[in-house]
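Notes follow the structure.
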Amino acid sequence: MRKIVIAGNWKMFKTQAESQEFLQGFLPTLQETPEEREVVLCVPFTDLSALSMNLHGSLVQLGAQNVHWEESGAYTGEISGPMLTEIGVRYVIVGHSERRQYFGETDTTVNLRLKAAQKYGLTPILCVGETKQQRDAGETELLIMTQLEKDLVDVDQTNLVIAYEPIWAIGTGDTCETKEANRVIGLIRSQLTNPHVPIQYGGSVKPNNIDEIMAQPEIDGALVGGASLEAAGFARIVNYKVI
Ligand SMILES: O=C[C@H](O)COP(=O)(O)O
């Protein structure tokens with residue numbers, strides 16, 4: 001059976017004070033969360049230490065938004081796997097489209113980061129997905145297959161989560177039609193050597209569409225941006241109803 005993983009990606013939002021306020025509203029709602037649902041908060045680096053202490057013993061796992069491939073070194077602005085695991089981080093997002101678009105992330109560096117994450121005991125959440133232009137040009141399948149082929153070279157598929165995030169659906173309110181997301185995720189699964197890799201959908205996931213998204217047979221969770229910033233809304237997503 002595949003694990004369900006619901007992850008919030010806070011991107012560059014929330015100071016430490018704001019993150020504590022969030023937890024006060026969010027954690028009490030988790031008592032009834034079914035155990036097979038893994039809940040992850042991928043937060044800014046400055047929030048990790050304090051959250052690690054506050055999440056200890058809770059049902060929520062801590063995630064980062066980037067990891068470098070070296071253990072240490074002269075890499076200004078980067079962070080290493082041991083630095084993250086030391087403070088209790090379990091997951092890390094790798095290859096998010098915003099890293100690829102704004103910070104020069106390539107399939108080569110994504111592959112290096114994936115392998116480093118696993119080497120140092122983290123579970124990477126690999127993001128793949130097409131732009132609107134690529135979708136309109138009928139290139140979705142080719143683009144995703146190419147990303148998977150390059151990103152997953154020598155990557156251990158027993159410690160991996162993949163997120164399908166159509167870029168045109170991120171932060172736009174323009175959710176991918178659920179059956180289409182299910183189709184693409186099925187395609188992704190067909191390219192993997194391990195059929196048990198959890199594959200999430202990401203892109204304008206909200207409290208009012210999570211139930212339908214999670215009803216799709218190929219979808220094993222969600223990577224949630226904007227809607228993970230508000231405690232009650234994210235709690236509704238995490239506690240989605242099985243329909
Ligand atoms: O990592 C999360 C995705 O970029 C989705 O963001 P969004 O839920 O705000 O569309």
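Quick note: residue numbers are just sequence positions, from 1. In listed order, ligands and their atoms are each counted from 1.
- Atom numbering of ligand 1 starts at 1 in the shown order; those under 4.0 Å from a heavy atom of L223 are 1 (O), 2 (C).
- The environment of CD in E149 is sparse: at most 12 heavy-atom neighbours from other residues, nucleotides or ligands sit within 6.0 Å.
- Every N/O-N/O distance between T172 and ligand 1 stays at or above 3.5 Å.
- Numbered from 1 in the order shown, with element, the atoms of ligand 1 that lie under 4.0 Å from a heavy atom of N9 read 1 (O), 2 (C).
- Closest to atom 4 (O) of ligand 1 by heavy atom, among E98, Q200, K11, Q65, is K11.
- In this structure, a donor-acceptor pair under 3.5 Å is absent between the side chains of Q133 and W168.
- Of the protein's non-hydrogen atoms, the one nearest atom 10 (O) of ligand 1 is G171 N, 2.6 Å.
- At the shortest separation from atom 8 (O) of ligand 1 among protein heavy atoms lies G225 N, 2.9 Å.
- Atoms OG1 and CD, on T15 and Q20 in that order, are 9.5 Å from each other to the nearest 0.5 Å.
- Nearest non-hydrogen protein atom to atom 9 (O) of ligand 1 is G226 N, 2.8 Å.
- Of all protein heavy atoms, the one closest to atom 3 (C) of ligand 1 is E165 OE2, 2.9 Å.
- Applying the side-chain contact (heavy atoms from CB on, under 4.5 Å) rule to L229 yields the partners W10, F13, K14; only residues at least two apart in sequence or on another chain are considered.
- At least one heavy atom of G203 lies less than 4.0 angstrom from ligand 1.
- When hydrophobic clusters are built by joining Ile, Leu, Val, Met, Phe, Trp and Tyr residues whose side-chain heavy atoms come closer than 4.5 Å, directly or via intermediates, I125 is not grouped with L62.
- Y240 and E212 form no side-chain donor-acceptor contact under 3.5 Å, judged by distance and modelled atom types alone.
- Between K206 and ligand 1, not a single N/O pair is under 3.5 Å apart.
- Under the side-chain hydrogen bond (donor to acceptor under 3.5 Å, both in side chains) criterion, D211 pairs with R236, not counting sequence neighbours.
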